[in-house]
Structures are given as structure tokens and as C-alpha cells.
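Input: a single structure, listed below in C-alpha cells.
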Amino acid sequence: MSTCKPTIDGLDDSMDSSKSFFILVPPKKLIIRDDSGQEVREIAGPYKERSTVSLSCEAQKGIPAPNVTWWRDNKPWDSTFQKYSTGVLNDMKLINLSRSDLFATFHCKAQNTKLTSPVVRTIVLDMYLYPLTSRITSRLSTLAAGRRLDLACETQGSRPTAKISWWLDGSPSPTTSTPSTTTSPPLSCACCPSPSTTGRPSLCRAQNPKLYDSALEDVRVLNVTFSELTIALFKVRFI
């Protein structure tokens, strides 16, 4: 608060015409930081789904000290700020991130008077998402030994796109695919069942390469029929 006392020639000095007024200084700058203390400018993350994240917003200077609040999609979210000698800090914690938090918009606002607009910084949350499904789409009926078998598998929900791999009886199998979105196109696998394949599992595994614990699997057991001639041909082939 300051006091102003004007002096006018010809007026009695005993006349008191002092006026008091407040000086308002808006916050100079807002800085948003992540868990590691690095400044976040526009995009926060990417963070793993199911993780817990802290984002702090600091308002520097300002007279009087401003209120610093977090808003999500233009709705009040966190108003628990602390005032220090160097500024005002609001440390927001996001617990157990879900896929609904992907691309959520957060605004940090600092305001010390309703006479002026708040100072605002905006960030958007980016995330890695777990795959939701892994499904073998081919119909596996009774198979004939020695005939080509084409299998297809698809996955949904992963960000970035899940990597699909085929496993036949515990061993990786060659695949062909060009997935590029959160809904992967079917991934095909070609094999030639032998008599020894019957009763053994064929497995499709979808995994987000950024999330080591994200593997989802779908399994089918191969039922291969064969004749004595087929068995003889396989024996000759592998002798």
C-alpha cells in the first residue's frame, strides 16, 4: 500500500488530502515441470497407462501473491497451492492414469485480482496404452497334415500399435503385417502342419513395445488329421 499527499499552492498545509492505494503487479511467468524437474511446454509425457504422475506449476513474482490453480478441460481441478518467498507453487498429482486421460487438456492459471485476466499455461497429456484385445480370427477346424495353414490375428487398443508375434508349439513363427494404428490389421502366419503338430498350441501374442508387461495372448490347439500315407511321406521327408 502507498500513500499520496498532493501539495497545491495557496492551500493551507494543514489540510490533509492524503489518499492510499494498492499497487497490483500480475505474475511475471508460469513454469510447469514434470516429476524429474524438467520444464513442460506443450506436451506432457508420454506417460504409461496405470502410472502416477506429478506436474507442478509455479507462478513467479506478482503483488499480491497470486492464487495458482489447475483446470482440466476448463473445469476446476486442483486449488491446493503453497506460497513461498520466491513464488507460488501448485503440485498436481494424477493417480492411476487411464486411457480416458489420453489427450486431456490441463490449464494452469495464476491470478491475484479479478480486475485483470489470469496468466495461463496449457499442456496436453500424452500416453502409452496397453492393448485391449488379442484375437485369432481364423476358424480352426480339422486340419489336414501337409496342407498349408493360414492363420490371422488382430489386436486393438494399444498406443503405439502393438507388435504381434506368432508362436507354434512354443517356437516363434514367421509373420507378415504392416500395423500402423491402435487397431492393427490382421497379422497372418503360414505354416504346414505335420502329424506331430496335432494337439499342440498355436499362440498369437500382442505387446506394446513401450510397455514390457503388456503382452496379451490368444491360443488355439491344432487338430491335425493324417493318413498312413501322410505319415510315411513325412518320415521319408525327414530321413
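Quantities reported herein were computed from a predicted structural model and do not represent experimental measurements. Note that the numbering runs from 1 along the sequence shown for the chain.
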Fill in the blank from the handout: Exactly one candidate in Asp218, Ile164, Thr137 meets side-chain contact (heavy atoms from CB on, under 4.5 Å) with Glu154; the answer is Thr137
Practice task
Could you tell me the separation between the CE atom of Met92 and the CD1 atom of Ile32, rounded to the nearest 0.5 Å?
Solution key: 8.0 Å
Exercise for the section: State, with a plain yes or no, whether a side-chain heavy atom of Ile31 is found less than 4.5 Å away from one of Cys57. Expected result: no
Problem - Arg33 vs Glu39, salt bridge (Lys or Arg N to Asp or Glu O under 4.0 Å): CA-CA, chis, key distance, verdict - result: CA-CA 4 Å; Arg33 293 186 175 90; Glu39 184 175 357; over 6 Å; no
Exercise for the section: Flag the pair Thr105 / Asn74 as yes when at least one side-chain heavy-atom distance between them is below 4.5 Å, and no otherwise. Expected result: no
Practice task
Could you verify whether a donor N or O on one side chain and an acceptor N or O on the other, from Tyr130 and Asp213, lie under 3.5 Å apart?
Solution key: yes
Handout entry: Donor-acceptor under 3.5 Å (Asn208 side chain, Leu129 main chain)
Key = yes
Exercise for the section: Answer yes or no: is there a donor N or O on one side and an acceptor on the other, between the side chain of Gln207 and the main chain of Pro209, under 3.5 Å? Expected result: no
Practice task
Return the minimal non-hydrogen interatomic distance between Trp71 and Pro76, and the atom names on each side.
Solution key: CE3-N, 3.4 Å
Exercise for the section: Give a yes or no answer on whether the side chain of Asp35 reaches the backbone of Ser54 with a donor-acceptor pair at less than 3.5 Å. Expected result: yes
Practice task
For Arg159 and Asp126, run salt bridge (Lys or Arg N to Asp or Glu O under 4.0 Å): C-alpha distance rounded to whole Å, both residues' side-chain angles, the deciding distance at 0.1 Å, then the answer.
Solution key: CA-CA 10 Å; Arg159 176 182 169 82; Asp126 193 11; 3.0 Å; yes
Exercise for the section: Drop me the distance from Cys108's SG to Asn90's CG, to the nearest 0.5 angstrom. Expected result: 6.5 Å
Problem - In one Ile/Leu/Val/Met/Phe/Trp/Tyr side-chain cluster, 4.5 Å: Ile136, Leu132 - result: no
Exercise for the section: Using atom types as modelled and distance alone, determine if a side-chain donor or acceptor of Glu58 lies under 3.5 Å from a backbone N or O of Val88. Expected result: no
Handout entry: Validation row: Tyr128, Leu102 side chains within 4.5 angstrom (heavy atoms)
Key = no
Handout entry: Leu203 vs Trp166 side-chain heavy atoms within contact, under 4.5 Å
Key = no
Exercise for the section: Would you name the heavy atoms of Pro66 and Phe81 that are closest together and state the gap between them? Expected result: O-CE1, 4.4 Å
Handout entry: For Pro64 against Asn112, the heavy-atom pair lying closest together
Key = O-ND2, 3.0 Å
Exercise for the section: Mark yes or no for whether Arg135, through its side chain, and Glu217, through its backbone, hold a donor-acceptor pair below 3.5 Å. Expected result: no
Handout entry: Check: Arg72 side chain, Phe106 main-chain N or O, donor-acceptor pair, under 3.5 Å
Key = no
